[in-house]
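Note that these values count all heavy atoms, side chains included, but never hydrogens, waters or copies made by symmetry. Every chain is numbered from 1, with letters handed out A, B, ... down the list of sequences.
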2 protein chains.
Amino acid sequence: MDQPRPVFVDSETVVSERPRDHKAELRLWLRLLTCTTLVEDDIRSRLRARFDVTLPRFDLMAQLHKTPQGMTLGQLSSRMMVSNGNLTALVERLVDAGQIERRVSEADRRVVQVALTPSGEAAFADMAREHGDWIAGLFAGLSEAETEQLMRLLDKLKTSARSAMQAARDRTAP
Amino acid sequence: MDQPRPVFVDSETVVSERPRDHKAELRLWLRLLTCTTLVEDDIRSRLRARFDVTLPRFDLMAQLHKTPQGMTLGQLSSRMMVSNGNLTALVERLVDAGQIERRVSEADRRVVQVALTPSGEAAFADMAREHGDWIAGLFAGLSEAETEQLMRLLDKLKTSARSAMQAARDRTAP
DNA sequence: CGCGATTATTTTAAGCTTAAACTATCAGCC
DNA sequence: GGCTGATAGTTTAAGCTTAAAATAATCGCG
C-alpha cells in the first residue's frame with residue numbers, strides 16, 4: 001500500500017509532493033479535534049440539561065463576565081472567534097432573555113456596547129461554578145505536570161498555526 | 001483544605017473561590033478550544049477558496065475514503081461525532097452533487113449504506129493531498145518529539161474525558 | 001468643507017447542527 | 001402468527017454559523 005510512487009519535482013512545488021506523508025500531523029490533528037468535540041459536546045449537553053442554555057450563549061456571557069465594563073461587538077467577535085454577523089442574532093436573543101443589554105456608544109455611533117445585566121450576571125455565576133467543576137472532572141485524569149506540559153505544547157501549536165496562517169497570507173497578498 | 005481566604009463574591013471571582021479553583025483546567029480547556037478553532041477555521045476557508053467545498057462535506061468524504069466498501073449512516077454518525085439527523089441532509093447534498101451514493105441494505109432494510117462514487121473518490125484524492133500539506137504547515141512549529149508528546153497527552157485527555165462522562169452517566173442512571 | 005476610504009454592524013442566503021418526535025423494520029418470545 | 005421492545009433513519013423546529021453584500025458612521029486629506 002502507498003508504495004513510493006515516482007514524483008516529478010518541479011521547482012514550483014517543492015514543498016508539497018511526496019517526500020513526507022504528513023501522517024503524524026494528520027493523526028495529531030484528528031486527535032485534537034476529537035478531544036475538543038468530546039469535551040464540547042459534553043459541556044453542551046450538561047448546560048442544556050442543567051440550565052437550559054446553549055453553549056454559544058454561555059460562551060458569550062463568559063466573555064462579558066470577564067469584562068464587566070462591557071465590550072463592543074467587534075471585540076466579542078474576535079475574542080469568541082465567530083463571525084460578526086453571527087453575533088447580531090445571538091446578542092438579540094440574549095437581550096430578549098434579559099441577560100445582557102446593548103447600548104450604542106455615544107462617542108462613535110457605529111459601535112454597539114454589550115454588557116451583562118445584573119440578572120445575567122447572577123445566572124452566569126451559577127452556571128460558571130458548575131461548569132468549572134465539569135471541566136475539572138473531564139481533565140481529572142491528567143496530573144498537574146501533564147496539564148502544564150499540555151498547556152505549553154498547545155501554546156506552541158497556537159504560535160505555529162498563527163505563523164503558518166500569516167505566511168500564507170503574505171504569500172497571497174505580498 | 002479549603003483555605004478560608006476571605007472571599008467576597010463579587011463579579012470578578014465567582015468562578016474561582018470555593019473548594020478548588022479549577023483555574024488551570026479552565027485555561028487549558030480554553031487553549032485547547034482556541035487551537036482547534038484556529039486550525040478548523042483556516043482549513044475551512046482554504047477548502048472553500050480552493051475547492052469550493054465545505055468542511056463537513058470534506059469530513060464525510062474523508063470517512064468514506066477510509067472505508068472503501070462504504071459505511072452505514074450509523075457508523076458515519078458515530079465516527080464523525082455528529083447527530084444522526086444531521087447526516088440525512090448532508091448525505092442528501094453530496095448525493096445530489098454526485099460525490100457519494102446511497103443504497104438500502106438488502107439484509108436489513110432499515111440500514112442505509114453510503115460510499116464514494118468514482119468521481120467523489122477522485123475529487124477527494126485531490127483535496128486530501130493539499131489538505132495534508134495545510135495541516136503539516138500549521139503544525140510545522142512542533143518538533144517530532146513534541147508532536148509525539150502532544151499525541152500522548154491528548155490520548156490521555158481523551159481517556160480521562162470518556163471516563164468522566166461514563167462516571168456521570170453511571171451516577172444519573174445506576 | 002467635502003469626498004473617498006475605512007470601520008462597525010446588520011442583513012441575507014445557504015448550509016450546518018442539535019434534540020426530540022416520528023416511522024419503519026427487525027428480533028425475540030410465547 | 002402476533003406482541004413487545006429495540007434499532008436505523010427521517011423529519012421538524014429552533015438555533016447556530018458563515019460569507020458576502022449592504023448600510024451607516026467616522027476619519028483623513030486635499
Contact under 4.0 Å: B/R102 side-chain N or O vs D/dG9 OP1/OP2: no

Sugar-phosphate only, base, or nothing, as touched by B/S77 at under 4.0 Å among non-hydrogen atoms: nothing

Spacing of A/N84 atom CG relative to D/dA24 atom C1', expressed in whole Å: 14 Å

Under 4.0 angstrom between A/N86 side-chain N/O and D/dT18 OP1 or OP2: yes

Rounded distance in Å - CD (B/E106) to P (C/dC26): 12 Å

Length of the line joining A/R48:CZ and C/dA19:C1', which is rounded to integer Å: 6 Å

Reported CZ-to-CG distance for the pair A/R162 and A/L157, which is rounded to 0.5 angstrom: 10.5 Å

Most 5' of A/L87 and A/S45 on DNA chain C, judged by nearest nucleotide: A/L87

d(CZ, A/R46; C1', C/dA19) in whole Å: 18 Å

Separation of D/dT7 P from B/L73 CG (nearest whole Å): 17 Å

Residue mapping more 5' on DNA chain C - nearest nucleotide basis, A/V111 or B/R109: A/V111

Nearest atoms (heavy-atom pairs only) where B/S77 meets B/N84: OG-N, 3.9 Å

Side-chain N,O (B/R44) to OP1/OP2 (D/dT17) below 4.0 Å: no

Sugar-phosphate, base or nothing in reach of B/G85, heavy atoms under 4.0 Å: base

Any A/Q166 side-chain heavy atom under 4.5 Å of A/D170 side chain: yes

Any B/T54 side-chain N or O less than 4.0 Å from OP1/OP2 of C/dC16: yes

Nearest-Å distance for atom pair CZ/P, residues A/R110 and D/dC27: 6 Å

Lys/Arg-Asp/Glu bridge criterion (N-O < 4.0 Å) met for A/R129, A/D133: no

Length of the line joining A/E92:CD and C/dT12:C1', which is rounded to integer Å: 16 Å

